[in-house]
Amino acid sequence: MSTADRDRARDILAAVSGSYAAKVVGQEGLRRSLLIALITGGHVLLESVPGLAKTTAAQALSDAVQASFRRIQCTPDLLPSDIIGTQIFDYTNSSFETQLGPVHANFVLLDEINRSSAKTQSAMLEAMQEHQTTIGGQMYPLPKPFLVLATQNPIEQEGTYHLPEAQLDRFLLKEILDYPSFQEELTIIDRVDSGVYDEDPPAAATLDDVLFLQKLVGEVYLDPSIKNYIVSAVYVTRHANKYLTPELASAIEYGASPRASIAFARAARALALIEGRDHVIPDDVKTLRHVILRHRIILGFEAIAEDIRPETLIDAVFAAIPAP
């Protein structure tokens, strides 16, 4: 990676972060996760109670890079064709015409994804994994870049459909949002009163800049010792009885898949680039441990009943292996 490329990446990320911060108060973890998703082209699952700026954050990031943005409100009666598109018969020329759905955008926000049926959720799998949709037997590529930001509400479970593990695994990161601090909430009120949220901030970057970042992130150096550190952590989640206490080991029913190791490598490179480095350090991996593993470790029934948090197990996993 040349110095000029690193400097350009730093300037782009600083401009995007500044534009994002003009709309979103606090939520540093969310900012970092969205930037990582932007750089890697990965997808993010956002979980929080209503009103914590998930939609605002997605819209702010989209506006910052001049990307097309679509918001889909998921409901139990939402059909797959409502997302990916459908064919409509045109009587004027007696033929079918394809109408692409809202998923054909750079940024797609699936609001309350767990309210949509399993059939509709599965319709997103091809789009998320293959970056394409199939309508009437014909494939339609999705635009580049393409990011899915899905939200779910943990406090309302009536009328919801549990996300299957196969789909959870396709989210690069899972970010859990908390309430703003006292001072941050005062700032939010001041910004609402001043009309900040009614204004469209000037674009900070372009889609070409995003594609440049996505290409450049592959040049960030990942040392073999850190690769070993990543794989060791994921390996421990699958063989917890050898490394953790019996109580904690029994809480893990299934460990993380190889997608977790791939996600660590991709996200750690992106975090290094955000921090202005051309190489990954062990702290990058540690910083990302919760957002990468919390939705990939499957807890047993007793662990859920005893309210053992995934983050507790993840911390124990990393405490059991030496850092390089």
Side-chain angles (χ1 to χ4, degrees), residues 16 19-25 27 30-31 33-38 41-86 99-117 119-128 131-133 135 140 142-156 159-161 163 167-168 170-177 188 191-192 196-201 203-205 207 210:
V16 171
S19 178
Y20 173 88
K23 283 291 184 74
V24 182
V25 179
Q27 303 291 6
L30 176 60
R31 181 195 69 85
S33 291
L34 292 182
L35 285 178
I36 289 173
L38 183 70
H43 310 300
V44 182
L45 180 62
L46 307 175
E47 183 176 293
S48 78
V49 297
L52 296 191
K54 299 183 293 293
T55 303
T56 300
Q59 181 74 67
L61 186 64
S62 174
D63 292 341
V65 297
Q66 305 179 58
S68 57
F69 176 81
R70 296 291 183 274
R71 176 184 175 274
I72 303 171
Q73 179 62 52
C74 296
T75 57
D77 60 348
L78 189 73
L79 299 175
S81 57
D82 295 329
I83 294 178
I84 65 174
T86 188
Q99 289 193 352
L100 299 179
V103 76
H104 289 266
N106 297 120
F107 283 64
V108 178
L109 177 67
L110 292 172
D111 216 353
E112 295 189 286
I113 186 174
N114 55 333
R115 289 202 176 278
S116 61
S117 67
K119 190 174 184 178
T120 302
Q121 290 175 12
S122 67
M124 285 301 300
L125 288 179
E126 181 185 17
M128 291 172 63
H131 288 203
Q132 67 181 30
T133 60
I135 305 172
Y140 295 89
L142 294 169
K144 295 182 180 180
F146 172 69
L147 282 78
V148 172
L149 309 173
T151 75
Q152 62 180 10
N153 179 354
I155 62 173
E156 288 185 44
T160 62
Y161 299 82
L163 285 174
Q167 186 162 356
L168 283 173
R170 283 171 169 80
F171 286 99
L172 181 74
L173 310 172
K174 179 183 178 181
E175 186 69 51
I176 297 179
L177 281 63
I188 291 171
R191 290 190 181 185
V192 170
V196 168
Y197 298 104
D198 299 325
E199 302 172 357
D200 293 327
L207 291 181
V210 175

Chemist: Using modelled atom types only, decide if a donor and an acceptor are shared between the side chain of Q66 and the backbone of A205 within a distance under 3.5 Å.
Modeler: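 The answer is yes, because a donor-acceptor pair under 3.5 Å joins these two groups.
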
Chemist: What's the shortest heavy-atom distance between C74 and S116, and which atoms?
Modeler: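 Heavy atoms only, the tightest pair is CB-CB, 3.9 Å.
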
Chemist: CG of N106 to NZ of K144: how many Å apart, nearest 0.5 Å?
Modeler: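 Between N106 CG and K144 NZ, I get 12.0 Å after rounding to 0.5 Å.
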
Chemist: Do E112 and Q73 have side-chain N/O donor and acceptor atoms under 3.5 Å apart?
Modeler: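 Yes, Q73 and E112 have a side-chain donor paired with an acceptor closer than 3.5 Å.
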
Chemist: Rounded to the nearest 0.5 Å, what separation is found between the CG atom of N153 and the CG atom of L46?
Modeler: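 One gets 12.5 Å once the value is rounded to the nearest 0.5 Å.
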
Chemist: Output, in order, the C-alpha distance, side-chain angles, deciding distance and verdict of side chain to side chain contact (heavy atoms under 4.5 Å, CB included) for D111 and R71.
Modeler: CA-CA 7 Å; D111 216 353; R71 176 184 175 274; 2.8 Å; yes

Chemist: Measure across A105 and F146 and return the closest heavy-atom pair with its distance rounded to 0.1 Å.
Modeler: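 Result for this residue pair: O-CD1, 3.2 Å.
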
Chemist: Identify the heavy atoms of N114 and T151 that sit nearest to each other, and give their distance.
Modeler: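 Of all heavy-atom pairs spanning N114 and T151, the closest is OD1-O, 4.3 Å.
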
Chemist: Is a donor on one side and an acceptor on the other found under 3.5 Å between the side chain of S62 and the backbone of F107?
Modeler: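 No: the side chain of S62 does not pair with the backbone of F107.
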
Chemist: Pair up each side-chain donor or acceptor in residues 49-61 with any protein partner under 3.5 Å, not counting sequence neighbours, and list the distances.
Modeler:
from: K54; atom 1: NZ; to: S48; atom 2: OG; distance (Å): 2.9
from: K54; atom 1: NZ; to: V49; atom 2: O; distance (Å): 3.3
from: Q59; atom 1: NE2; to: D63; atom 2: OD1; distance (Å): 3.0

Chemist: Return yes if some donor-acceptor pair links the side-chain N/O of H43 with the main-chain N/O of V148 below 3.5 Å, else return no.
Modeler: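 Yes, the answer is positive, given that a donor and an acceptor are paired below the 3.5 Å cut-off.
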
Chemist: Closest heavy-atom contact between L147 and G42?
Modeler: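 Heavy atoms only, the tightest pair is CG-O, 3.7 Å.
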
Chemist: With a 4.5 Å heavy-atom cut-off, do H104 and T133 have their side chains touching?
Modeler: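 The answer is yes; the side chains approach within 4.5 Å.
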
Chemist: What are the two closest heavy atoms between I72 and P102, and how far apart are they?
Modeler: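 Smallest interatomic distance, heavy atoms only, reads CD1-CG, 3.7 Å.
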
Chemist: A side-chain contact here means heavy atoms from C-beta on lying under 4.5 Å apart; do Y140 and Q132 qualify?
Modeler: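 No - every pair of side-chain heavy atoms lies 4.5 Å or more apart.
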
Chemist: Quick one: side chain to side chain donor-acceptor pair (under 3.5 Å) partners of Q27, sequence neighbours excluded?
Modeler: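 Per chain and number, Q27 pairs via side chain to side chain donor-acceptor pair (under 3.5 Å) with no residue.
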
Chemist: For a quick test of reading the model, state the closest non-hydrogen atom pair linking V44 to F171 and the distance between them.
Modeler: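 Heavy-atom minimum between the residues: C-CD2, 3.5 Å.
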
Chemist: Answer yes or no: is there a side-chain heavy-atom contact under 4.5 Å between L173 and L45?
Modeler: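 No, their side chains stay 4.5 Å or more apart.
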
